[in-house]
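I have placed the structure first, in the form of structure tokens, so that the comments after it can refer back to it.
Within every chain, numbering begins at 1; the chains are lettered A, B, ... in the order of the sequence lines, protein sequences first and strands thereafter.
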Amino acid sequence: MADQVTITFPDGAERQFPNGTTGTEIVAGISKSLLKKTLAMALDGVVMDLADPIKSDVGIEFLNRDDPRALELIRHDCAHVMAEAVQQLWPGTQVTIGPVIEDGFFYDFAKEDPFKPEDIAKIEKRMQQIIANNAPFTKEVWSRADTKKHFAAQGEHYKVELVDAIPEGEDVKIYKQGEWLDLCRGPHMVSTGQIGKAFKIQKFAGAYWRGDAKNAQLQRIYGTAWANEKELKAYLTRLEEAEKRDHRKLGREMDLFHFQEEAPGSVFWHDKGWDLFLSLISYMRRRQQDAGYIEVNSPDMMDRTFWELSGHWENYRENMFVSETEDERTFCCKPMNCPGHVQIYKHGLKSYRDLPLKMAEFGKVHRYEPSGALHGLLRVRHFTQDDAHIFITEDQLMKECLAINDLMLSIYKDFGFEDIFIKLSLRPEKRVGADDLWDKAEKALSDVLDEVSKRSDGNVKTAINPGEGAFYGPKLEYVLRDAIGREWQCGTTQVDFNLAERLGAFYIDEKSEKRTPVLIHRAMFGSLERFAGILIENFAGHLPLWLSPLQAVVCTIVSDADDYARDIHDKLRSAGLKSSLDLRNEKINYKVREHSLAKVPVLLVVGKREADEGKVSIRRLGSKDQTVVDLDEAIAMLSAEATAPDLKRKATAT
RNA sequence: GCCGCUGUAGCUCAGUGGUAGAGCGCACCAUUGGUAAUGGUGAGGCCGGGAGUUCAAUUCUCCCCAGCGGCACCA
């Protein structure tokens, strides 16, 4: 072992130190103020405890709290302090795991009595004390046996399990902060005081040990921590903004839909919401027709034998709506459209010349989702899929998947979603079909993914999810990023070498032989209900004109303008615009406020002046300004804007 | 489904062991006002459902349902 190590500083300077010198010693040698500011070091880019000895030649960086890498340390340390606070306040509580997550951290505890809402303040207060004590974080490496003995003696059974989970050959590290210690792989900051004040305990929740519902349920505490108060405040504001976009709230305010307890997980669409829904279907229907799809409609209920054949009965029986009828038959509300589509396919002999056969349906599927999963429009028990099944020969697979991809990306773009992420989900444990068919299907989708990624010049990001596929085949899942950076999984392309055969579908090939088609399942919006919810949140209720169920309200300032307003309303209607008339005996301020709150995109305000001159005053949602233009001009402009993007493209193409 | 919290007027929410209150909205009257709340009057409630304790339950206890926040699930 060398006596000396060469350390390279961020400015490029190199210096020799005795082997085993710690980061702390080096910083202390530079300046007291730097030592005070430094939370940790990075050796050749790897973040380490400042107190770690340096045993080889490396490049060193010192992390202060403004370093982006420091945030993770602050949150991690904050989780430790929270755990200490909880164990101080409620002795006997067992600690389990406490990782850093996006925007914060959590720690899971095993504790008899549940935490109460008022405990948040108690925990925060105790954490402040621990942070004020500013105890240093110190690291020790213990033997496995000693560690297990220690935790077993403390009654920390989960920690004993965690020690067993540490891979052989890896050190068992213990971090101490004052009297308190935790099993942890680190790294940590220098002392608890470095966490600062910009943290907050957010909420309590239940969570299963090791994420498995078969295990005990622990109590999770979520918290957040930031480098400074300003960032914390910005984060809390961001949460508030997201809350304002909540589609459940906006749905009520905009009078789009409602839910009630007699139909949990089912939507009561009001006229305006249904108008939006129908706009989405019309749009998708046009896009699919243009792409060579046929549209069909299959029964909502079919005999259970179909679902046994398809494998749904075996895999999803508990999640199906099942009905016993007077004739003692068992019918199931369809949880998927595929078996129905295969029946339509099978009606009449198919030739290879008929393939690819692209069969679409706006089918309403019924799934008895677990009660705790329901969430507004985003997770319901009855939803409409823009579903399609594409029957192909094996060698058409690549071409069809790419065509679907192109259509998918083009459609998302029409709604303003251009930041797309595609996940490839591979075979799950519970599945049907032989492994060689899975090999083939996974290879095919993987090739498609590579090709899509290549074509997009790296604009489309991709990832692979082992074990997440459907029971009958692997899938590509399209994830959209919305206006405030949240991700929503929508479209899916699934390659299925199993179902067509199970349901007895075939075609006659060039050699007059029977062959089984490959089935591609695909949805682009996914669920119409869910997509509508996503759009409401993405646009914060400010729907683009072509999707808005009420595009304009004609408001009068004085009743002398009533006849003129009626005239405008009629003309808007004739031009295909969705308008309504507000002739109420109210002040214009009142009308503007009310329609603005209802997110009406365009207000056409008319008083005596406009009536005399044949003009309208246009006020757009979100703007305080108005422009006065000729009525005909206004109608032409709004009509153009209200045209769906695909129709606009067609109009300019001809 | 599991853990915790919540359920009072159309909406947002106060409140109490002696069967209820506000604001907004709604109806009516007056007001014709130029771009985010004109004034007045009035109507509106099985206090989520069921059982128990009590002289008396919206209030306390238990069970159920639904919603919310998570976890698990998501063909």
Side-chain angles (χ1 to χ4, degrees), chain A residues 106 108 111 113-117 119 202-222 246 248-249 252-253 255 258-265 307 310-320 334-339 365 367-376 378-381 383 385 428 430-432 468-473 475 489 492 494 496 499 521 526-527 530 555-562 583-597 603-610 617-619 621-626 628:
Chain A
F106 66 77
D108 286 347
K111 173 172 174 282
D113 302 319
F115 290 110
K116 297 187 291 280
D119 293 339
Q202 294 171 289
K203 58 196 169 194
F204 300 120
Y208 297 106
W209 168 236
R210 298 202 148 142
D212 189 335
K214 290 197 273 296
N215 292 340
Q217 192 153 40
L218 306 169
Q219 296 188 58
R220 175 170 295 180
I221 307 181
Y222 282 96
D246 191 314
R248 294 166 299 187
K249 183 172 130 71
R252 194 164 44 237
E253 289 169 5
D255 193 17
H258 83 269
F259 291 91
Q260 61 188 58
E261 59 179 278
E262 290 80 359
W307 308 104
S310 70
H312 288 97
W313 186 265
E314 190 190 337
N315 285 286
Y316 287 103
R317 163 72 191 87
E318 294 75 25
N319 301 304
M320 287 166 72
K334 61 177 174 187
M336 286 189 82
N337 299 301
C338 13
V365 295
R367 301 178 180 177
Y368 184 75
E369 303 285 5
S371 56
L374 303 178
H375 183 96
L378 302 181
R379 191 81 183 269
V380 289
R381 285 182 173 155
F383 61 96
Q385 287 181 317
K430 222 174 147 189
R431 59 177 182 267
V432 297
E468 302 274 306
F471 72 84
Y472 48 74
K475 55 187 179 182
Q489 188 176 308
T492 173
Q494 307 172 0
D496 176 0
L499 219 53
H521 309 242
S527 144
R530 179 176 152 84
C555 301
T556 50
I557 297 169
V558 290
S559 49
D560 286 347
D562 285 2
L583 304 181
R584 290 175 304 169
N585 176 15
E586 295 293 350
K587 291 195 168 172
I588 191 60
N589 283 305
Y590 181 91
K591 293 185 184 181
V592 166
R593 176 182 155 81
E594 191 176 88
H595 299 305
S596 298
L597 288 173
L603 295 185
L604 298 176
V605 178
V606 290
K608 207 159 177 330
R609 215 152 57 219
E610 287 79 5
S617 164
I618 304 179
R619 180 183 168 123
L621 180 60
S623 164
K624 286 194 191 322
D625 307 323
Q626 311 100 56
V628 178

Would you call the rings of A:Tyr316 and A:Phe471 parallel, tilted or perpendicular, taking 30° and 60° as the class edges?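 Geometry flag for A:Phe471 against A:Tyr316: tilted rings.
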Suppose we define a pair by two distances each less than 3.5 Å, Watson-Crick or G-U wobble; what does [N] pair with here?
N     : answer
B:C28 : B:G40
B:C55 : B:G18
B:G4  : B:C68
B:C74 : none
B:G45 : none
B:G33 : none
B:G23 : B:C11

On RNA chain B, nearest-nucleotide positions of A:Gly376 versus A:Glu594: which is more 5'?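 Comparing both residues, the 5'-ward one is A:Glu594.
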Both A:Glu610 and A:Asp212 contact RNA chain B. Which one's nearest nucleotide lies toward the 5' end? A:Glu610
Could you tell me whether the side chain of [X] and the main chain of [Y] form a donor-acceptor pair under 3.5 Å?
X        : Y        : result
A:Arg619 : A:Ser623 : yes
A:Gln494 : A:Ala470 : no
A:Gln626 : A:Lys624 : yes
A:Gln219 : A:Lys111 : yes

Closest listed nucleotide, where the reference is the side chain of [X] and the choices are [options]:
X        : options             : result
A:Val592 : B:C73, B:A36, B:C11 : B:A36
A:Tyr208 : B:C74, B:C71, B:G67 : B:C71
A:Tyr590 : B:A72, B:A37, B:A75 : B:A37
A:Arg593 : B:A37, B:A72, B:C26 : B:A37
A:Lys475 : B:A75, B:G34, B:G1  : B:A75
A:Glu261 : B:G34, B:G33, B:G7  : B:G7
A:Arg619 : B:G1, B:U35, B:A75  : B:U35
A:Asn319 : B:A36, B:G70, B:A75 : B:A75
A:Gln626 : B:U35, B:A75, B:A72 : B:U35

Does a side-chain N or O of [X] approach OP1 or OP2 of [N] to a distance below 4.0 Å, or not?
X        : N     : value
A:Lys203 : B:G70 : yes
A:Arg248 : B:G69 : yes
A:Asn589 : B:U35 : no

Gap between atoms [atom1] and [atom2], on [X] and [N] respectively (whole Å):
X        : N     : atom1 : atom2 : result
A:Ile588 : B:U38 : CD1   : P     : 11 Å
A:His312 : B:A75 : NE2   : C1'   : 5 Å
A:Lys591 : B:U38 : NZ    : P     : 12 Å
A:His375 : B:C68 : NE2   : P     : 7 Å
A:Tyr368 : B:G1  : OH    : P     : 5 Å
A:Gln217 : B:C73 : CD    : P     : 13 Å
A:Phe383 : B:C74 : CZ    : P     : 13 Å
A:Arg379 : B:A75 : CZ    : P     : 8 Å

When the [atom1] atoms of [M] and [N] are compared, how many Å lie between them, rounded to an integer?
N     : M     : atom1 : answer
B:A9  : B:C64 : C1'   : 25 Å
B:G25 : B:A43 : C1'   : 13 Å
B:A20 : B:G49 : P     : 16 Å
B:U58 : B:G17 : P     : 13 Å
B:C55 : B:G7  : P     : 28 Å
B:C47 : B:A51 : P     : 13 Å
B:C24 : B:A36 : C1'   : 15 Å
B:C46 : B:U59 : C1'   : 16 Å

How far apart are the C-alpha atoms of A:Asp246 and A:Arg248, what are their side-chain angles, what is the distance that settles it, and do they pass the salt bridge (Lys or Arg N to Asp or Glu O under 4.0 Å) test? CA-CA 5 Å; A:Asp246 191 314; A:Arg248 294 166 299 187; 2.5 Å; yes
Students often get this wrong, so: under 4.0 angstrom with heavy atoms, is [X] touching a base, only sugar-phosphate, or nothing?
X        : result
A:Ala213 : sugar-phosphate
A:Gln494 : sugar-phosphate
A:Ala470 : sugar-phosphate
A:Ser617 : base
A:Lys214 : nothing
A:Pro114 : sugar-phosphate
A:Tyr472 : sugar-phosphate
A:Gly311 : nothing
A:Leu597 : base

Whether the side chain of A:Arg252 and the base of B:C11 hold a donor-acceptor pair under 3.5 Å is what I'd like checked. no
Could you grab the distance from atom NZ of A:Lys587 to atom CZ of A:Arg593, nearest 0.5 Å is fine? 15.0 Å
At what distance, to the nearest 0.5 angstrom, does CD1 of A:Ile618 lie from CG of A:Leu603?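 Between A:Ile618 CD1 and A:Leu603 CG, I get 10.5 Å after rounding to 0.5 Å.
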Do A:Leu374 and A:Val380 have side chains that get closer than 4.5 Å, going by heavy atoms? no
Any side-chain heavy atom of A:Ile557 sitting closer than 4.5 Å to one from A:Lys591? no
